[in-house]
Amino acid sequence: MKWGIRRARWQAGIRNAFQRGIGMPLEELLYRRWCRGRAGATRIEAWGLPRRSVEARMEASLVVDVDPRLLIRDFNAKGVGGRKPSSSAFIWDGDWDRSRGDLRFGSRYRFISDLDEHRDDLTRTERFRQYRSRLESGHPWSSYQQGILLDSEEKILAYLRTYLGFLDDMASHGFNAELGKDDLGVAVTRDGHLLKINRGLHRLAMAQRLGLPSIPVRVRAVHRQWWDRVVQGTRGTEALTRLTDALPSCVPASLPGDLDPVTDQRPFEWPAPRYAGLDSHLST
């Protein structure tokens, strides 16, 4: 376990050092060439523009507040043959936005709901049974990135109580974007709707379970068709200004996609909202 943790940290350090020393300077050079219309600018935009360079300039302009219970669709690569757009690009081509999952029936929301419903006896949760089964088979669950090894029932319960503690803290104090390592990422579809991508799914599931009125999400990528309609051939500051003006009108996608790998038509009902600000929210 110790060697696995060291290896994970060493690999992360190598990746970060490469990005700082080579990747990001190169991306910044490409971005500036695009801004100034230098040779290769058209090709740089066709590649998708360096995401980190766009984020460095737009910063808070990429953050959109949404009702978490409306953010129910996420990108599911299975419907497009497992192909994922480059995480280094800000503009995404292809049919990725036509393949969606339904987060209401996803593993994270089931996990958080199960913990909440069995908070008085976590041994009754599905996740406890899964981890105990692995423990009994001699292959306890572990995470080298987090430095966790669940090699006893006590450790399993402590791990589950940690998530329950996060849920209760959110119920008391609201959503704190600074508690997670990454912002909740979304991508804008060709139609200008928001799909959940990458990390933060546990925090989103907690906000949905509690019925928080609003949470911040960060736009990490946009579909090329939407980008072309918004920026209309402009570059640099003008293009980003047009993007800033258009993002507030983007709302979460509610409908399934025509390439969805799974279609789930089961009825679903959210539990009653439960958070500290509910009384004042209802009285206004």
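Position 1 is the first residue of the sequence; numbering continues from there.
Annotation: side chain of M170 is in contact with side chain of F175 (closest heavy-atom distance under 4.5 Å). At least one side-chain heavy atom of E153 sits less than 4.5 Å from a side-chain heavy atom of L135. Here the side chains of V219 and L247 are in contact, with some heavy-atom distance below 4.5 Å. Considering only heavy atoms from C-beta on, E117 stays 4.5 Å or farther from R124 through its side chain. Contact annotation: the side chain of S113 never approaches that of R110 to less than 4.5 Å [non-hydrogen atoms, C-beta and beyond].
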Could you walk me through whether W96 and L195 satisfy the side-chain contact (heavy atoms from CB on, under 4.5 Å) test, starting with their C-alpha distance in whole Å, then the side-chain angles of each, then the deciding distance to 0.1 Å, before giving a yes or no?
CA-CA 10 Å; W96 57 270; L195 289 184; 4.1 Å; yes
Steps toward side-chain contact (heavy atoms from CB on, under 4.5 Å) verdict (Y31, R57)
CA-CA 11 Å; Y31 178 83; R57 285 155 178 86; 3.0 Å; yes
How far apart are the C-alpha atoms of Y163 and H202, what are their side-chain angles, what is the distance that settles it, and do they pass the side-chain contact (heavy atoms from CB on, under 4.5 Å) test?
CA-CA 9 Å; Y163 278 94; H202 285 106; 3.9 Å; yes
So E27 and S53, side chain to side chain donor-acceptor pair (under 3.5 Å) or not? Walk me through it.
CA-CA 7 Å; E27 290 174 353; S53 294; 5.0 Å; no
Stepwise salt bridge (Lys or Arg N to Asp or Glu O under 4.0 Å) check, E28 with R51
CA-CA 10 Å; E28 188 64 14; R51 174 181 61 81; over 6 Å; no
Let's go through F166 and M206 carefully: what are the C-alpha distance in whole Å and the side-chain angles of both, what is the deciding distance for side-chain contact (heavy atoms from CB on, under 4.5 Å) to 0.1 Å, and is it a yes or a no?
CA-CA 8 Å; F166 291 151; M206 292 177 190; 3.7 Å; yes
Would D260 and R100 satisfy salt bridge (Lys or Arg N to Asp or Glu O under 4.0 Å), going step by step from the backbone distance to the final call?
CA-CA 5 Å; D260 289 0; R100 307 173 183 180; 5.4 Å; no
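Remark: the backbone N or O of S86 is paired with a side-chain donor or acceptor of W92 at under 3.5 angstrom. In this structure a side-chain-to-backbone donor-acceptor pair under 3.5 Å is present from S137 to R134. With K196 contributing its side chain and R199 its backbone, the two residues share a donor-acceptor pair below 3.5 Å. Using modelled atom types, one side-chain atom of S99 and one backbone atom of G79 make a donor-acceptor pair closer than 3.5 Å. A donor-acceptor pair under 3.5 Å is formed between the side chain of D114 and the backbone N or O of E126. Between the side chain of H223 and the main chain of G94, a donor-acceptor pair closer than 3.5 Å is present. Looking at S249, its side chain does come within 3.5 Å of a backbone N or O of A246 through a donor-acceptor pair.
When all heavy atoms are compared, the tightest approach of R132 to I156 is N-CD1, 3.8 Å. Nearest approach of V188 to W226, heavy atoms of both residues: CG1-CD2, 3.6 Å. Considering every non-hydrogen atom in both D168 and R119, the closest pair reads OD1-NH2, 2.8 Å. The heavy-atom pair separating A89 from A221 by the smallest distance is O-CB, 4.4 Å.
In the hydrophobic cluster analysis, where Ile, Leu, Val, Met, Phe, Trp and Tyr join through side-chain heavy atoms closer than 4.5 angstrom, Y109 is grouped apart from L160. Linking ILVMFWY side-chain heavy atoms closer than 4.5 Å, directly or via other members, places L103 and V262 in two distinct hydrophobic clusters.
Side-chain N/O atoms of D121 and T123 include a donor and acceptor closer than 3.5 Å.
Ionic pairing of R274 and D116 is present here: one or more N-O contacts between side-chain nitrogen and carboxylate oxygen are shorter than 4.0 angstrom. Salt bridge status for D245 with R242: absent, with no side-chain N to carboxylate O gap under 4.0 Å. At a threshold of 4.0 Å, the pair E55-R220 counts as salt-bridged, since one of the basic side-chain nitrogens sits closer than that to a carboxylate oxygen. Note on E59 versus R52: no salt bridge recorded, every NZ/NE/NH1/NH2 to OD/OE distance being 4.0 Å or above.
Partner of I112 under the side-chain contact (heavy atoms from CB on, under 4.5 Å) criterion, chosen from L167, L210, L164: L167. The only member of T234, L240, T241 that meets side-chain contact (heavy atoms from CB on, under 4.5 Å) when paired with T237 is T241. Between L184 and the options L201, I215, I197, a side-chain contact (heavy atoms from CB on, under 4.5 Å) holds for only I215.
Atoms OG1 and CD, on T125 and Q130 in that order, are 8.5 Å from each other to the nearest 0.5 Å.
For an aromatic pair to be called close, the ring centres must be under 6.0 Å apart, and F128 with H118 fails this.
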Show me, pair by pair, the donor-acceptor contacts under 3.5 angstrom made by side chains of residues 40-50, not counting sequence neighbours?
{"residue": "T42", "atom": "OG1", "partner": "R235", "partner atom": "NH2", "Å": "3.3"}
{"residue": "E45", "atom": "OE1", "partner": "W34", "partner atom": "NE1", "Å": "2.7"}
{"residue": "E45", "atom": "OE2", "partner": "W227", "partner atom": "NE1", "Å": "3.0"}

When the side chains of residues 60-76 are checked against the rest of the protein, which donor-acceptor pairs come out under 3.5 Å, sequence neighbours left out?
{"residue": "S61", "atom": "OG", "partner": "M58", "partner atom": "O", "Å": "3.3"}
{"residue": "D67", "atom": "OD1", "partner": "R69", "partner atom": "N", "Å": "2.9"}
{"residue": "R69", "atom": "NE", "partner": "Q208", "partner atom": "O", "Å": "2.7"}
{"residue": "R69", "atom": "NH1", "partner": "P271", "partner atom": "O", "Å": "3.0"}
{"residue": "R69", "atom": "NH2", "partner": "Q208", "partner atom": "O", "Å": "3.1"}
{"residue": "R69", "atom": "NH2", "partner": "R209", "partner atom": "O", "Å": "3.2"}
{"residue": "R69", "atom": "NH2", "partner": "P271", "partner atom": "O", "Å": "2.9"}
{"residue": "R73", "atom": "NE", "partner": "S254", "partner atom": "O", "Å": "3.0"}
{"residue": "R73", "atom": "NH2", "partner": "S254", "partner atom": "O", "Å": "3.2"}
{"residue": "D74", "atom": "OD1", "partner": "G101", "partner atom": "N", "Å": "3.2"}
{"residue": "N76", "atom": "OD1", "partner": "K78", "partner atom": "N", "Å": "3.0"}

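Within the cation-pi definition used here (under 6.0 Å to the ring centroid, within 45° of the axis), R104 qualifies as a partner of F268.
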